[in-house]
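Below is one structure; the comments refer to it alone.
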Amino acid sequence: MVTIKEVSEKYGISDDTLRYYERIGMIPPVTRTAGDKDRSWIELVLCMRNAGLPIEAIIEYVRLYQLGDSTFGERLQLLKEQREALIEQKKKIDSTLERLNYKIARYEVAVETGKLTWNKDKCN
């Protein structure tokens, strides 16, 4: 078993943040000596937050989990919806990266040649 302080240090979040997550229902109550189950919840929440999932979705997932096995279907649906939202977000990010890569390539040539070329098929 590890302490809350050790858990907060391991994950780079403060004790206060852990207690806040508990208070709003993002994670089940963390025991004074956090065990594997506590750490699993913290890892899940941090992963989901780092991916940009809304706090409300995480809270709802925890709430459904605490209601028991009868919520398997609802939890599955919630996770599928969040996956779809992430896929859409990824498409936008991929599109932006493609555009940035194009612009970077143009500027790399411009640095070498001293001239920025314009491609009528692409935006500046």
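The chain is numbered in sequence order, starting from 1. Here the structure is a predicted model, which is why all the values come from computation and not from measurement.
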What pair of heavy atoms forms the shortest contact from G68 to T71, and how long is it? O-OG1, 2.7 Å

As an exercise, state the distance from CE of M26 to CD of E60, rounded to the nearest 0.5 Å. 13.5 Å

Below 4.5 Å, heavy atoms only, C-beta onward: do Q82 and M48 meet side chain to side chain? no

Value for CD (Q89) from CG (D94), rounded to nearest 0.5 Å, stands at 10.5 Å

Applying a strict under-4.5 Å side-chain criterion to I, L, V, M, F, W and Y, I'd like to know whether I55 and L79 cluster together. yes

Answer whether the closest heavy-atom distance between the side chains of L53 and L86 falls below 4.5 Å. yes

Sub-4.5 Å side-chain heavy-atom contact between Q77 and E74: no

Quick check for you: to the nearest 0.5 Å, what is the distance between Y11 atom OH and E43 atom CD? 3.0 Å

Residues P28 and Q66: closest non-hydrogen pair is CB-NE2, 3.7 Å

Tell me if a side-chain donor or acceptor on S95 pairs with a main-chain N or O of K91 at a distance below 3.5 Å. no

Full working for side-chain contact (heavy atoms from CB on, under 4.5 Å) between K80 and R83: CA-CA 5 Å; K80 284 182 173 183; R83 179 181 59 192; 3.9 Å; yes

Lys/Arg-Asp/Glu bridge criterion (N-O < 4.0 Å) met for E9, K5: yes

Taking T17's backbone N and O only, do any of them form a donor-acceptor pair with S14's side chain (distance below 3.5 Å, no angle check)? yes

For the pair R106 (side chain) and T117 (backbone), establish whether a donor and an acceptor sit closer than 3.5 Å, ignoring hydrogens and angles. yes

Hydrophobic clustering (ILVMFWY, side-chain heavy atoms < 4.5 Å, transitive) - are F72 and L76 grouped together? no

Transitively linked via ILVMFWY side-chain contacts under 4.5 Å: V109 with Y102? no

Please find the pair of heavy atoms, one from I27 and one from I42, that lie closest to each other, and give the distance. CD1-CG1, 4.3 Å

ring-ring contact (aromatic ring centres under 6.0 Å, His included) filter on Y65, not counting sequence neighbours, yields W41

R19 side, atom CZ; D16 side, atom CG - distance, nearest 0.5 Å: 9.5 Å

I need the minimum non-hydrogen distance between R75 and D69, along with the two atoms involved. NH2-CA, 3.8 Å

Could you check if a side-chain atom of L44 sits within less than 4.5 angstrom of a side-chain atom of Y61, using non-hydrogen atoms only? yes

